[in-house]
Amino acid sequence: MEETTLKKLIFYGRHFSDLLNLCCRIVDTQERRFLAELCRDHPDFSPYCRNKECELLNTCLYGVNEAYRWGGKYIFYCPESFIFIASSVSDENGSLAGGMVLGPIIMGEMDDTVELYQNSDVQENVMSIVNLSTEMVNHIAEILAGVTEGISGVSHSLMGGIAFKQENFLQSLYEKKEIADPALAEVYPIETEKELQSVIRGGDKSGAQRLLNDLLGNIYLLSDFDVDLIKIRIIELLSVLSRAAIDAGAETEEIMWFNAACIREMQKCTAIEELSVWITGAMRRFLSYSFDFSAVKHSDTVYKVIDYIRRNYFRKITLDGIARHVNFSKTYLSRIFKEETGENISSYINKVRIDRAKLLLADQNISLVDVAALTGFEDQSYFTKVFKAITGQSPKKYRESRKR
């Protein structure tokens, strides 16, 4: 990261830290290290955390990478369930250079979080964490993204960054088309493809990007810039990258799901420029799987599911809807949720609904039919069955016992 950029990040980071009483960390994604930790207290984060899988550097790297993917800002959960706000910083070419991360934060009701730490040796420290509303967290994320975009001098839009690089890339391809040796243009560079697989497995992102650009150039030349032919060759390349990403540690189901989504999206591209922008974005996503963010990614996804269920328990919730919300396939999402929580998603939904039903049953003026409806159960008899299975009592008996 350039020294001028770092100085600006530190300058504004101190303001964020002092104004919000939050720790602001500046991370370099190329060197994979913290450049500054602007914190009043506990910069190592350990006083708050009980989770052995919670590696703070990986947590921040994950947040910054996701912020770069999603337009400059990203709000996410760490494995310990605290909120962090990340914003990416780009270099002059639009490539990811690093970013700023604010946190930890407790978002929403403080009592819900404190209850999780009863009789814990970190409970007192947890109670000192800044507690902000969801609305406030979103406001901070927007301001943080505005600051980092101003520092970068490049649009936060990932597609904007891709288009910037792709314009130069396309220009070089057209130049190659005019001067390329026709004999070379007729042979697909299989050795380059094999080398690309090797560097992806080894986690060499810059090497993979260089080789990928060479391969894309050859694909364009071999296809004579015919959009339909390019699509066919890109599908073949996606298969190669998929196997390499899986070998590097990516989840097979997630890769296959993303692969199918990529192909559907690619079919919508009709112009060579549009296709080129899309290709660069898709390839960048595959390269990101060489980073070791799986523990943070899974925890972030699970807590997003939990948050979604808590906010929508009174509505009809489907696995399809949840999967769309977190951008994962249904089977993959179900598996990691079970691994992280020890229960399946439908069981957790019922658990949340019954917890809310208990609160409503304390009000004698609300009928059992209304309690069922207000907690997302379309059928009262099913509500009674689930309630009894979880609590050991029927809703009526539970209400009577509470009344006594």
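- A donor and an acceptor atom, one from each side chain of N344 and S346, are located under 3.5 Å apart.
- Here the side chain of S17 pairs no donor or acceptor atom with the backbone of C23 at under 3.5 angstrom.
- Here the side chains of E55 and L57 are not in contact, with every heavy-atom distance at 4.5 Å or above.
- One finds the CD1 atom of I234 at 9.0 Å from the CG atom of L215 (value rounded to the nearest 0.5 Å).
- Rounded to the nearest 0.5 angstrom, I345 CD1 and Y348 OH are separated by 11.0 Å.
- By the 4.0 Å N-to-carboxylate-O rule, D307 lies close enough to R311 to be salt-bridged with it.
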D355 vs Y313, test: side chain to side chain contact (heavy atoms under 4.5 Å, CB included). Steps then yes/no. CA-CA 10 Å; D355 284 343; Y313 68 90; over 6 Å; no

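- Across all their heavy atoms, M1 and G99 have their closest contact at CE-N, 4.3 Å.
- For the pair T59 and F82, the minimum side-chain heavy-atom distance is 4.5 Å or more.
- Residue K388 places its NZ atom among 12 or fewer non-hydrogen atoms of other residues, nucleotides or ligands, all under 6.0 Å distant.
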Taking it one step at a time, do V130 and L20 satisfy side chain to side chain contact (heavy atoms under 4.5 Å, CB included)? CA-CA 8 Å; V130 173; L20 302 169; over 6 Å; no

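- Using a 4.5 Å heavy-atom cutoff, the side chains of R335 and K338 are not in contact.
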Just do the side chain to side chain contact (heavy atoms under 4.5 Å, CB included) check on L368 and R399 with the steps written out, would you? CA-CA 10 Å; L368 296 180; R399 168 172 274 177; 4.1 Å; yes

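- S401 contributes a side-chain N or O that, together with a main-chain N or O of Y398, makes up a donor-acceptor pair within less than 3.5 Å.
- Across Y68 and S90, no two heavy atoms sit closer than the pair CE1-OG, 3.7 Å.
- A distance of 6.0 Å separates CG of L238 from CE of M266, quoted to the nearest 0.5 Å.
- Here the straight-line distance linking atom NE2 of H15 with atom SG of C24 works out to 11.5 Å at 0.5 Å rounding.
- Annotation for S223 and R233: closest pair OG-CD, 3.2 Å, computed over non-hydrogen atoms.
- Ring geometry, H298 versus Y332: the interplanar angle exceeds 60°, so the pair is classed perpendicular (tilted spans 30 to 60°).
- In E339, the CD atom is crowded: over 12 heavy atoms of neighbouring residues, nucleotides or ligands sit closer than 6.0 Å.
- A salt bridge links K304 to D300: at least one charged side-chain nitrogen sits closer than 4.0 Å to a carboxylate oxygen.
- Side-chain contact between F84 and L56 is present, with at least one heavy-atom pair separated by less than 4.5 Å.
- Among all heavy-atom pairs drawn from L96 and S88, the shortest one is CD1-CB, 3.7 Å.
- The structure places CG of L359 at 10.0 Å from CD1 of I366, a figure rounded to the nearest 0.5 Å.
- Ring geometry for Y308 against H325 counts as tilted: the plane angle lies between 30° and 60°, on a 0 to 90° scale.
- Counted within 6.0 Å of CD on E2, heavy atoms from surrounding residues, nucleotides or ligands total 12 or fewer; the atom is thus considered open.
- Atoms OG and CG, from S87 and L144 in turn, are 4.5 Å apart once rounded to the nearest 0.5 Å.
- When all heavy atoms of R25 and G103 are compared, the pair lying nearest together is NH1-O, 3.3 Å.
- Figure legend: cation-pi geometry between R356 and F314 absent, as NZ or CZ is not positioned both under 6.0 Å from the six-membered ring centre and within 45° of its axis.
- When all heavy atoms of L319 and S334 are compared, the closest pair comes out as CD2-OG, 3.6 Å.
- For the pair K358/T375, no side-chain contact is recorded, criterion being any heavy-atom separation below 4.5 Å from C-beta on.
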Residue pair Y382, N350: steps toward the side chain to side chain contact (heavy atoms under 4.5 Å, CB included) verdict: CA-CA 11 Å; Y382 181 64; N350 284 335; 3.8 Å; yes

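- No more than 12 heavy atoms of other residues, nucleotides or ligands sit less than 6.0 Å from atom CD of E378.
- Side-chain contact between F337 and I306 is present, with heavy atoms from C-beta onward closer than 4.5 Å.
- Between V371 and F383 the shortest side-chain heavy-atom distance falls below 4.5 Å.
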Donor-acceptor pairs are to be reported for all side-chain atoms of residues 136-143 against protein atoms at under 3.5 Å, with residues two or more places apart or in another chain.
{"residue": "N138", "atom": "ND2", "partner": "T134", "partner atom": "O", "Å": "3.0"}
{"residue": "E142", "atom": "OE2", "partner": "K73", "partner atom": "NZ", "Å": "3.2"}

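- No side-chain heavy atom of I354 sits less than 4.5 Å from a side-chain heavy atom of K351.
- Ring geometry for F76 against Y62 counts as perpendicular: the plane angle is over 60°, on a 0 to 90° scale with 30° as the lower cut.
- The number of heavy-atom neighbours closer than 6.0 Å to CD of Q364, taken from other residues, nucleotides and ligands shown, is above 12.
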